[in-house]
Amino acid sequence: MDHKIQSLTLSKLKTHSAMRNEFVIMPFDEFTQKIQSDSDSHFKNKFYTIFLFKAAEGSIIIDHQEFDLKPLKFFFINYNQVYHFKDFQSNVGDVLMFTKSFYNYVYTGNKMIKSDTALNDVAPYLLLSEESEIDLSQTFEELRREYLKNKLLRKEIICLLLKVFVLKYIRNSNKKNRIDRSLNHKKEIVEKFGYLVNQYYKDLKTTSKYAEKLNLSPNYLNVLIKESLDISAGQMIKNRIILEAQRLLMHTTLSVIEISYELGFNDNSHFGKYFKSATQYSPNEYRLLKTNDSYNDI
C-alpha cells in the first residue's frame with residue numbers, strides 16, 4: 001500500500017462557477033470524480049467541507065476516528081483534517097465547500113457566527129431526524145438555487161444563507177460544547193492561542209514561545225488554558241503535534257524519520273520518545289496497529 005495526503009483547494013476542483021475559489025456546491029459523485037478518489041486516497045482540504053449524504057454505505061475516517069456512512073448523515077470536515085473513504089458505494093448526496101474568507105464575507109459583528117469561533121468545535125457528524133431533515137433540506141435547496149443563479153447581490157445572499165445553514169447544523173448536533181455566546185477577553189486569548197498552535201506547532205513547542213507572541217507571561221497563559229480546557233498549555237501544544245504525527249503515520253507512507261523532520265524534530269529518537277510518552281506506542285508500533293485495524297475491518 002502506497003499513499004500520501006493530497007491537499008485540495010477549491011481552485012483544483014476546476015468548476016466553472018464564478019466563485020470557484022470561495023464557494024462550491026456539487027453532487028457527491030462529481031466530487032469523487034474530480035478528486036479521483038479510490039481506496040488509497042487520503043485528503044486534506046484547504047477549506048470547510050460538509051458532506052450531505054442522502055444514501056450512503058461504507059465509512060469515512062477523519063483523522064483517527066472512523067464513522068459509518070448512513071442515509072441522512074452529514075459530515076463536517078474542518079481545515080487541514082485528514083480523511084479518506086473506506087468501502088463506500090452507492091453514495092448519493094451533495095458536497096458543500098467554502099473558505100473562511102467567504103464565510104466572513106458578510107460579517108455582522110456577532111462573534112457567534114464568525115468562522116474562527118463558530119466553526120471551531122462543530123460536531124464531526126449530524127444524523128438527521130425527520131423534522132430536522134426537512135428543515136435543513138429546505139435551507140440547503142434555497143442555498144443551491146441562489147448558487148445556480150447569476151443575479152445582483154448573489155454573493156451576499158449566498159453568504160447569509162450559508163450562515164443560516166451552518167447555524168442550523170450546529171443547533172441540530174448533539175455536541176455538548178456548543179458555542180458560548182458570552183465570549184470574553186479570556187476566551188479570545190484561549191482561541192488566539194489555539195490558532196497560533198495550529199499555525200506554528202512544527203516550529204514552536206514550548207509555552208513560553210506562544211506567550212511571547214501573545215504578550216503574556218507563560219504562567220498566566222497556562223492558567224487561562226487550564227481554566228478553559230482543563231489541560232496545560234504545554235499539553236495542548238503536544239496534543240496538536242501528536243495529532244499531526246498520527247495523521248502522517250496513518251494517511252501517508254512517509255518513514256518515521258521523514259515524519260520527525262516534517263514535525264520539526266532534529267533527532268528521530270527524541271521524536272520517538274515524545275510520541276510514545278503520549279500514546280504508549282512507538283511511531284512504528286502505532287502505524288502497524290492502525291494498519292492492522294484497517295485490514296481487519298475489511
Side-chain angles (χ1 to χ4, degrees), residues 5-37 41-54 60 62 74-85 93-126 136-171 173 179 191-192 194-196 198-199:
I5 298 172
Q6 298 182 45
S7 288
L8 299 179
T9 61
L10 289 183
S11 59
K12 282 186 180 179
L13 295 176
K14 298 180 181 176
T15 64
H16 298 292
S17 166
M19 294 187 293
R20 71 175 186 272
N21 294 331
E22 302 175 288
F23 179 90
V24 175
I25 295 176
M26 68 172 59
F28 182 79
D29 57 353
E30 182 182 343
F31 173 76
T32 56
Q33 288 173 13
K34 286 184 178 294
I35 65 174
Q36 299 180 330
S37 177
S41 298
H42 298 238
F43 304 99
K44 178 187 286 189
N45 295 350
K46 300 297 183 181
F47 46 86
Y48 296 117
T49 308
I50 302 178
F51 294 116
L52 303 94
F53 289 113
K54 295 177 182 176
I60 182 172
I62 304 173
F74 294 177
F75 289 89
F76 178 83
I77 309 292
N78 213 320
Y79 269 70
N80 296 319
Q81 285 192 295
V82 179
Y83 66 96
H84 71 279
F85 296 98
D94 294 285
V95 186
L96 174 60
M97 298 163 280
F98 55 98
T99 62
K100 287 181 181 179
S101 60
F102 182 81
Y103 190 77
N104 285 328
Y105 181 67
V106 178
Y107 178 41
T108 65
N110 184 342
K111 291 178 181 177
M112 181 181 175
I113 56 177
K114 193 172 187 298
S115 71
D116 58 3
T117 55
L119 304 188
N120 247 5
D121 295 310
V122 175
Y125 71 88
L126 171 63
L136 257 72
S137 292
Q138 288 175 342
T139 304
F140 178 72
E141 288 307 319
E142 188 175 0
L143 184 57
R144 192 210 302 269
R145 284 196 298 271
E146 192 64 38
Y147 176 65
L148 295 175
K149 296 176 183 177
N150 188 17
K151 294 188 176 181
L152 184 68
L153 299 176
R154 173 184 181 231
K155 186 172 180 178
E156 288 80 359
I157 292 171
I158 289 175
C159 181
L160 290 170
L161 289 172
L162 175 62
K163 290 180 187 295
V164 172
F165 181 85
V166 169
L167 290 174
K168 285 185 176 182
Y169 178 105
I170 294 170
R171 182 174 67 187
S173 73
I179 301 166
E191 289 171 351
K192 183 76 178 291
Y195 172 80
L196 290 173
N198 275 322
Q199 189 174 10

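Heavy-atom basis, side chains included; hydrogens, waters and symmetry copies ignored.
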Separation of [Y] [atom2] from [X] [atom1] (nearest 0.5 Å):
X: E30; Y: T32; atom1: CD; atom2: OG1; value: 9.0 Å
X: L126; Y: L52; atom1: CG; atom2: CG; value: 9.5 Å
X: H84; Y: I5; atom1: NE2; atom2: CD1; value: 11.0 Å
X: E141; Y: L161; atom1: CD; atom2: CG; value: 12.0 Å
X: L162; Y: L167; atom1: CG; atom2: CG; value: 9.0 Å
X: L160; Y: L153; atom1: CG; atom2: CG; value: 10.0 Å

Do F165 and F98 have their ring centres less than 6.0 Å from each other? no
Residues two or more places apart in sequence or in another chain: which of them pass side chain to side chain contact (heavy atoms under 4.5 Å, CB included) with [X]?
X: S101; answer: T99
X: I25; answer: F23, L96, F140, L143, R144, Y147
X: N198; answer: R240

Minimum heavy-atom distance [X]-[Y], with the two atoms named:
X: S7; Y: K46; result: OG-CE, 4.1 Å
X: N21; Y: S11; result: OD1-CB, 2.9 Å
X: L8; Y: F47; result: O-CE2, 3.3 Å
X: I60; Y: Y83; result: CD1-CD1, 4.2 Å
X: A123; Y: Y169; result: O-OH, 2.8 Å
X: R154; Y: K149; result: NE-O, 2.7 Å

Go through the structure and list residues passing salt bridge (charged side-chain N to carboxylate O under 4.0 Å, His left out) with K155, not counting sequence neighbours. E22
K163: which residues meet the salt bridge (charged side-chain N to carboxylate O under 4.0 Å, His left out) condition with it, sequence neighbours left out? none
Quick one: sort the F75 and Y125 rings into parallel, tilted or perpendicular, breaks at 30° and 60°. tilted
side-chain contact (heavy atoms from CB on, under 4.5 Å) between I62 and I77: does it pass, once the steps are laid out? CA-CA 8 Å; I62 304 173; I77 309 292; 3.5 Å; yes
4.5 Å side-chain heavy-atom contact, I35 and Q6: no
With side-chain contact (heavy atoms from CB on, under 4.5 Å) as the test, would you mind laying out the steps for N45 and M97 before giving the verdict? CA-CA 9 Å; N45 295 350; M97 298 163 280; 5.8 Å; no
Among residues at least two apart in sequence or on other chains, which ones pass side-chain hydrogen bond (donor to acceptor under 3.5 Å, both in side chains) with D29? none
Begin with the C-alpha distance, continue with both residues' side-chain angles, and end with the deciding distance and a verdict on side-chain contact (heavy atoms from CB on, under 4.5 Å) for I158 and F102. CA-CA 10 Å; I158 289 175; F102 182 81; 3.6 Å; yes
Exactly one of F74, F43, F85 should register a ring pair (Phe, Tyr, Trp, His ring centres under 6.0 Å) with F51. Which one does? F85
